[in-house]
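When reading the values below, keep in mind they use all heavy atoms of this one structure, side chains included, and skip hydrogens, waters and symmetry mates.
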Amino acid sequence: MESCPLSPTMDVVFQYIFSSEGSEKGLLSFLNAVMSSSGKPKLREVTILNPFNVRRFREDKELILDIRAVDVDGRIFDVEMQSANQVGFANRILYYWSRLYCTQIQKGEDYAELYPVVSVILMHFELFDQLPDLHNEFYIAAKANPNMALTEDLQIHTFELAGEKLKQLPKMEEPLQIWLDFFCHAVEKTEDEMEVLLKKDDGLKLAYRKYREFTQDDELREIAEARERNERDRRGQIEYARISGLKEGMEQGIEKGLEKGLEKGLEKGLEKGLDEGWREGVTRNVVRFLKKRFPLEFTAEMEAYILGIKNRELLNDLFVLAYESPTLDAFMEKI
């Protein structure tokens, strides 16, 4: 059976393209396309800080991937490809930026030794509904004058390669348009169409060669497909838990609503009972899952705290938080 084509936007494929041996020229070209689109100084040379390591992928199917690099002027670059939205994703972007920024110096060292950190986040979902552009740049600026930046050290570029925003792609300026076209459409392009695209950028030509190397390597394909299966399973588990919790919450809500309806008037009692029952169903399902996942760490105090949560927005996110938090402490910090 013929294998399905692998997109260059799959996380492990993306990392191979930009961080395997000899990929520096491609990464340099892509980052310069991003910088030039915002009128920022171009990179002269780039060094990859976390080279591609196939053994890491074999050992950890949930490995979080990014590409970290530094240029000859000391600027640090973090490049990520994200396939699915997550709870608090905007906060996550800032958190990873801050880690790279603050770990540059040790206690007692001069703050003047800090170099800019540039985050480049490509995503297959729309994150900012209120922003019309596919490419957005974020920095710290004065409220009274957005042109006045507090510092040039924080730069975050987001690319929302999804929905209506993707229609902007043909109208974007080269060379950034060429790169995004490659990411989004390499799988469906003919060899002739791809050849036309590659003639426009030598760095892209190298990236495409890396892409072909990956797709023609049986071991690498197996790793990519295993990661994709693992991600599908993870999402399925979250959805199953969410649906189970809602179902249990509705059942308990109906029961409580009827009880309270007899006591306080059927209409208002049902409304309050449904809400309380739904909340109880959600929180008890989350508690059961956390007890199984962290049997030695989960305490009675934690259980009581979770069962007491009433914020509906937080309740909607509890299942995803419970599955995605790497540790119990990380989960409790988020709630």
Side-chain angles (χ1 to χ4, degrees), residues 11 59-66 80 82-99 102 123 125 127 227 229-335:
D11 57 3
E59 295 173 350
D60 187 353
K61 292 184 177 63
E62 297 183 358
L63 185 67
I64 296 175
L65 303 182
D66 62 351
E80 296 183 52
Q82 291 292 325
S83 60
N85 201 352
Q86 301 172 359
V87 176
F89 186 70
N91 303 82
R92 177 189 177 282
I93 292 174
L94 185 61
Y95 174 73
Y96 277 89
W97 176 91
S98 66
R99 284 205 312 180
C102 70
M123 58 194 84
F125 51 88
L127 185 62
R227 284 182 64 83
R229 287 194 301 272
N230 186 69
E231 177 63 16
R232 282 200 302 266
D233 291 345
R234 186 188 69 84
R235 292 182 196 173
Q237 289 171 343
I238 292 173
E239 183 63 13
Y240 176 78
R242 187 184 70 83
I243 292 173
S244 297
L246 291 176
K247 181 180 178 182
E248 182 173 333
M250 287 299 293
E251 291 172 353
Q252 293 179 3
I254 291 172
E255 183 179 345
K256 284 198 171 188
L258 289 172
E259 292 175 2
K260 292 183 179 293
L262 293 174
E263 296 174 6
K264 302 179 180 179
L266 193 57
E267 185 176 344
K268 289 186 178 180
L270 275 172
E271 182 180 348
K272 185 174 182 181
L274 284 168
D275 184 69
E276 290 182 3
W278 174 79
R279 179 183 64 79
E280 184 174 336
V282 170
T283 53
R284 288 199 178 279
N285 268 280
V286 171
V287 165
R288 277 198 291 269
F289 173 73
L290 292 173
K291 282 182 177 180
K292 290 180 180 178
R293 191 175 177 199
F294 308 106
L296 301 179
E297 304 167 64
F298 195 77
T299 65
E301 290 77 12
M302 292 176 177
E303 178 175 353
Y305 181 79
I306 294 169
L307 292 176
I309 293 175
K310 296 183 179 179
N311 182 294
R312 290 188 67 87
E313 185 176 345
L314 178 55
L315 286 167
N316 283 327
D317 293 339
L318 275 184
F319 289 113
V320 178
L321 290 172
Y323 272 91
E324 291 188 343
S325 299
T327 65
L328 182 58
D329 287 342
F331 171 79
M332 295 303 296
E333 286 175 5
K334 291 177 180 177
I335 64 170

Nearest-0.5 Å distance, [atom1] of residue [X] to [atom2] of residue [Y]:
{"X": "L290", "Y": "F331", "atom1": "CG", "atom2": "CZ", "value": "5.0 Å"}
{"X": "R284", "Y": "E303", "atom1": "CZ", "atom2": "CD", "value": "7.0 Å"}
{"X": "I335", "Y": "I306", "atom1": "CD1", "atom2": "CD1", "value": "4.5 Å"}
{"X": "T327", "Y": "M332", "atom1": "OG1", "atom2": "CE", "value": "11.0 Å"}
{"X": "L94", "Y": "R99", "atom1": "CG", "atom2": "CZ", "value": "12.5 Å"}

Side chains of [X] and [Y] in contact at under 4.5 Å (non-hydrogen atoms):
{"X": "V286", "Y": "I309", "answer": "no"}
{"X": "L318", "Y": "N285", "answer": "no"}
{"X": "E80", "Y": "R92", "answer": "yes"}
{"X": "L328", "Y": "M302", "answer": "yes"}

| Below 6.0 angstrom between ring centroids: does that apply to F125 and F89? | yes

| query | Can you tell which of R293, K292, K291 makes a side-chain contact (heavy atoms from CB on, under 4.5 Å) with F289? | reply | R293

| task | Run the numbers on F294 and T299 for side-chain contact (heavy atoms from CB on, under 4.5 Å), then give the verdict. | result | CA-CA 10 Å; F294 308 106; T299 65; over 6 Å; no

